**Student:** 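Before I ask anything, here is the structure I am working with.
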Amino acid sequence: MRSHRCGDLRASDGGRTAILCGWVDGRRDHGGVTFIDLRDTSGIIQVVFSSDVSARAHDAAQELRGEFCIKVTGEVRARRPGTVNDNLATGEIEVAAEELEVFSRSETPPFQIDDHQEIEESLRLKYRYLDLRRGRMQANLKLRHAIISAIRSFFDEEGFVEIETPMLTRATPEGARDYFVPSRVHPGSFYALPQSPQLFKQLFMVAGLDRYYQIVRCFRDEDLRADRQPDFTQLDLEMSFVEQEDVLEVAERMFKHVWREALSVELADFVRLTFAESMERFGSDKPDLRFGMEIKDLGPALSSTEVKIFRSVLDSGGAVKAIAVPGRGALARKDLDALVDEAKALGAGGLVWAGVTSEGLRSPLAKLFGDDERAGLVAAAEASEGDLILVVADHDPGVVHKTLGALRGRLAGRFGLIPERDRSDPEAWKFAWIVDFPWFEWDEAEKRWDPIHHPFTGMVEDTVQYLETDPGKVISKSYDITLNGWELASGSIRIHDRKMQERVFEALGISRDEAQAKFGFLLDALRFGPPPHGGIAPGIDRIVALAAGETNIREVIAYPKTQTAHDPLTGAPAPVTPDQLAALHLQTTHPPNPGPI
RNA sequence: GCCCCAGUGGAGCAGCCAGGAGUGCUCAUCUCCCUGUCAAGGAGAAGGUCGCCAGUUCAAAUCUGGUCUGGGGCGCCA
């Protein structure tokens, strides 16, 4: 039907007859001559309708409007001197139209198909097929393809096998809320959609398929965020006869391969931080390493302070720490008060601010400090004149780290303190491994120890002894990849010893019967010669979003959902008929609901 | 469950703080003009119950309460 794609033509094609298909991107009617920008997925080319070339085509072109789908036949020719458009890849040439066929007309679209304006996202999603016509979205989806393609070529080369796992499976008791699918043939029973193929891939290892990967959809029924959708895509992989270093090596090499293939960037070796160091320096287990503003301990500088709030915190073994915000020492009182409120909302009892000025400290607490303390405080915070020191004190050092870490990230973004770098610059990509996570975290609400990763995670040998006596001291063989403040991947070496796995369930308060009922198939498998194994699962949506320079993953998902897990395009979720419910042996306690609008 | 931001012709905004006639800007749409534009240009036109429901007021886009939708975040997300 067509001879070329719009964006592929170049000056070297001059003199050829081209048959092009696409959409009218724009129209410039000068009376005797009419210009059309013709767009397809490859790009845009200018088509000229002139009565000099074809009066018939020129007449026919008068009805053309934006988003009409057309076919144009004409000669490719160099543009006249002085009319070359440097903004277009095809800008040296144009097509002189001899024939025009209109495949279909278009109503005026609900928004303009260009990248010049930010459109209300609900409108974009309702007309996603129009939104996806935009160059930005096509570029994002093509980048997604390039990344997935690079991933597959890498694992092919490494001898991995891609194997699918079921979408309809059984619920796992811990972790995120499950999406359920009612069974018609087993009244009252439900499948769950997988939160990850975790146990299936471990069983592949028991099966001897020692290098598995899969690009797989996963489902978690939790509230949405910029980096979270209810259904999302993971690169799931698992290897046998490996230790932690082996998995890290393959995963890091894979990311370097992907960045090289998809972005033409040679990544530096990943930084490696322990969880403890990441929390102490950056207040986060997904630190953004593109800027400084590290958390500093003020404890030593204030060791003999008489300021009550600090004294009581230090005496109780708490922490007094600070970050220095460059150049913001003169921030308005109103903004400082807002920061205090923000810190409180993050869980801190309060926030002490201190501007470093040429006349000394500008702070509500300035008068309470001695001269030495003021100097020591500034030095300890590593602040310079003009900076703003933000201090958080709490009996729980975790609260201090979390609060300062969140403020660090937010303020760096708000005040433009993150260096802007081109995506082709290797320095734009601050990958890091976070290792040596604690195995457990204390759930204060439930008064119990929960796994930070999942219950199948291995433990560092010389910390296993604390499993029953002091769980907080157990270190896991788990690891995350972070990039510019996002968690990109999470993985671990698994437990391959049945006795050990049972011991862990016991420590988690899961009875033998319960474990057998819910994970029996795993425990059974562990009886038949399981190999040492481990793996990792990078999030594809996040990888692509960061690679594309986007700040939310909806921009790299063709048909995403809104913050209320609603799809404005299809109207999902939607009610079903009473008959459909009855066939599934279901009743709802909710009155008939038309669903989201 | 909670906090914050937004909702004004088809799109993107301003107007709101300090109430006084739906006022304005850019783009799109329609008509006309124009043979070298390219986010074309010129002349003109049409198009809006200011998300919705209450309340305060002589008077509400503007103030108050509620609610819905979208977005960011906290909780949640092994």
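Since we're looking at a predicted model, the values are computed, not measured. Below, all heavy atoms of this structure are taken into account, side chains as well, without hydrogens, waters or symmetry copies. Throughout, protein chains are lettered first and strands after them, A, B, ... in sequence-line order, and every chain is numbered starting at 1.
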**Student:** How long is the line joining CD1 of A:Ile119 and P of B:rU69, in whole Å?
**Tutor:**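 Distance, rounded to whole Å: 22 Å.
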
**Student:** Is A:Asp227 salt-bridged to A:Arg542, going by a charged N under 4.0 Å from an acidic O?
**Tutor:** yes

**Student:** Evaluate whether the aromatic ring of A:His30 and the six-membered ring of the B:rG36 base sit under 5.5 Å apart, centre to centre, with an inclination under 30°.
**Tutor:** no

**Student:** Touch check for A:Gln229, heavy atoms < 4.0 angstrom, all strands: base, sugar-phosphate only, or nothing?
**Tutor:** nothing

**Student:** Select from A:Glu441 and A:Pro109 the residue whose nearest nucleotide in RNA chain B is closer to the 5' end of that strand.
**Tutor:**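 By nearest-heavy-atom nucleotide position, the 5'-most residue is A:Pro109.
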
**Student:** Kindly point out which of B:rG72, B:rC76, B:rC34 is positioned nearest to the side chain of A:Arg554?
**Tutor:** B:rG72

**Student:** Does the structure show a Watson-Crick or G-U wobble partner for B:rC13, both distances under 3.5 Å? Name it, or say none.
**Tutor:** B:rG24

**Student:** Using the side-chain heavy atoms of A:Gln112, tell me which of these nucleotides is nearest: B:rG10, B:rU26, B:rG70.
**Tutor:**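 My answer, after comparing the listed nucleotides, is B:rG10.
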
**Student:** Kindly confirm or rule out a cation-pi arrangement of A:Arg170 over A:Phe190, judged by NZ or CZ under 6.0 Å from the six-membered ring centre and within 45° of its axis?
**Tutor:**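 Not satisfied by the 6.0 Å and 45° rule.
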
**Student:** Ignoring hydrogens and angles, answer whether the base of B:rU35 and the side-chain atoms of A:Ser51 contain a donor-acceptor pair closer than 3.5 Å.
**Tutor:** yes

**Student:** Tell me whether the side-chain N or O atoms of A:Arg124 pair up with the base of B:rG70 as donor and acceptor below 3.5 Å, since no angle test is needed here.
**Tutor:** no

**Student:** Any chance CZ of A:Arg136 has more than 12 other-residue heavy atoms, nucleotides or ligands included, within less than 6.0 Å?
**Tutor:** yes

**Student:** Quick check for you: among B:rG73, B:rC77, B:rU37, whose closest atom lies nearest to any side-chain atom of A:Arg225?
**Tutor:**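 So the side chain of A:Arg225 is nearest to B:rG73.
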
**Student:** Which residue, A:Leu9, A:Val84, A:Thr83, forms the side-chain contact (heavy atoms from CB on, under 4.5 Å) with A:Glu92?
**Tutor:** A:Val84

**Student:** If we call it a pair only when both distances are under 3.5 Å in a Watson-Crick or G-U wobble match, what pairs with B:rA43?
**Tutor:**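 The answer is B:rU31, by the H-bond criterion.
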
**Student:** Please determine, for B:rU69, whether a Watson-Crick or G-U wobble partner exists with both distances under 3.5 Å, and give it or none.
**Tutor:**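 Here B:rU69 is engaged in a pair, and the nucleotide opposite it is B:rA6.
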
**Student:** OP1 or OP2 of B:rU29 versus the side-chain N and O atoms of A:Thr108: is any pair under 4.0 Å?
**Tutor:** no

**Student:** Using atom C1' in both nucleotides, what's the gap between B:rG41 and B:rC4 to the nearest angstrom?
**Tutor:**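 Taking atom C1' in both B:rG41 and B:rC4, they lie 45 Å apart.
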
**Student:** Considering only side-chain heavy atoms of A:Gln117, which listed nucleotide, B:rG12, B:rA39, B:rU37, is closest?
**Tutor:** B:rG12

**Student:** OG1/A:Thr165 to OH/A:Tyr212 distance, rounded to the nearest 0.5 angstrom?
**Tutor:**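 It comes to 5.0 Å.
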
**Student:** Can you figure out which of B:rU29, B:rG70, B:rG75 approaches the side chain of A:Lys402 most closely?
**Tutor:**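 Selected nucleotide (nearest to the side chain): B:rG75.
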
**Student:** Going by modelled atom types, is there a donor-acceptor pair between the base of B:rG72 and the side chain of A:Gln563 at under 3.5 Å?
**Tutor:** yes

**Student:** Counting heavy atoms from C-beta on, name the nucleotide in B:rG70, B:rC30, B:rG72 closest to the side chain of A:Arg65.
**Tutor:**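 Shortest atom-to-atom distance from the side chain points to B:rC30.
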
**Student:** For the side chain of A:Asp223, starting at C-beta, report the closest nucleotide among B:rC38, B:rG1, B:rA11.
**Tutor:** B:rG1

**Student:** Using a 4.0 Å heavy-atom cut-off across all strands, classify A:Arg79 as base, sugar-phosphate, or nothing.
**Tutor:** base

**Student:** More 5' along RNA chain B: A:Arg177 or A:Asp114, using each one's nearest nucleotide?
**Tutor:**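 Nearest-nucleotide comparison on RNA chain B picks A:Asp114.
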
**Student:** Which one is paired to B:rA59, where only Watson-Crick or G-U wobble pairs with both distances under 3.5 angstrom count?
**Tutor:**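 For B:rA59, the partner nucleotide comes out as none, under the 3.5 Å rule.
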
**Student:** Between B:rC34, B:rU37, B:rA39, spot the one nearest the side chain of A:Thr83, thanks.
**Tutor:** B:rU37

**Student:** What is the separation between atom CZ on A:Arg410 and atom P on B:rC4, rounded to the nearest whole Å?
**Tutor:** 13 Å

**Student:** For the aromatic rings, using the six-membered ring if either is Trp, is the centroid distance between A:Phe519 and A:Phe456 under 6.0 Å?
**Tutor:**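 Ring-ring flag for A:Phe519/A:Phe456: true, centres closer than 6.0 Å.
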
**Student:** Looking at B:rA39, B:rG36, B:rG70, which one has an atom nearest to any side-chain atom of A:Gln46?
**Tutor:** B:rG36

**Student:** Does any donor-acceptor pair link the side chain of A:Arg228 with the base of B:rC77 at a separation under 3.5 Å?
**Tutor:**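 Answer yes: a donor N or O sits under 3.5 Å from an acceptor.
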
**Student:** Would you mind telling me which of A:His496, A:Arg494, A:His533 makes a side chain to side chain donor-acceptor pair (under 3.5 Å) with A:Gln202?
**Tutor:**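 By the side chain to side chain donor-acceptor pair (under 3.5 Å) criterion, A:Gln202 pairs with just one of A:His496, A:Arg494, A:His533: A:His533.
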
**Student:** May I ask you to verify if any side-chain N or O of A:Arg28 is less than 4.0 angstrom from the OP1 or OP2 atom of B:rU37?
**Tutor:** no

**Student:** How is A:Ile452 classified with respect to the nucleic acid when contacts are heavy atoms under 4.0 Å: base, sugar-phosphate, or nothing?
**Tutor:** sugar-phosphate

**Student:** What's A:Thr34 touching, base or sugar-phosphate or nothing? Going by heavy atoms closer than 4.0 Å.
**Tutor:** nothing

**Student:** Could you check which nucleotide pairs with B:rC74 in any of the strands shown, counting Watson-Crick or G-U wobble with both distances under 3.5 Å?
**Tutor:** B:rG1

**Student:** Return the pairing partner of B:rA54 with a 3.5 Å limit on both distances, Watson-Crick or G-U wobble; otherwise return none.
**Tutor:** B:rU64

**Student:** Reckon A:His566 has a side-chain N or O less than 4.0 Å from the OP1 or OP2 of B:rG70?
**Tutor:**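 The answer is yes; a side-chain N or O of A:His566 sits under 4.0 Å from OP1 or OP2.
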
**Student:** Does A:Arg77 make a side-chain donor-acceptor contact with the base of B:rG36, cut-off 3.5 Å?
**Tutor:** yes

**Student:** What is the distance from CD of A:Gln62 to C1' of B:rU35, rounded to the nearest Å?
**Tutor:** 12 Å

**Student:** Picking from B:rG36, B:rG12, B:rG72, which would you name as closest to the side chain of A:Glu120?
**Tutor:** B:rG12

**Student:** Hey, could you give me the CG/NZ distance between A:Asp394 and A:Lys402, rounded to the nearest 0.5 Å?
**Tutor:**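 Those atoms lie 10.5 Å apart.
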
**Student:** Hey, is the side chain of A:Glu342 pairing donor to acceptor with the base of B:rG73 inside 3.5 Å?
**Tutor:** no

**Student:** What I want to check is whether an N or O donor and acceptor connect the side chain of A:Asn552 with the base of B:rG71 at under 3.5 Å.
**Tutor:**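 Check fails, no donor-acceptor contact within cut-off.
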
**Student:** Ignoring hydrogens and angles, does a donor from either the side chain of A:Asp52 or the base of B:rU35 sit under 3.5 Å from an acceptor on the other?
**Tutor:**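 Indeed there is one.
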
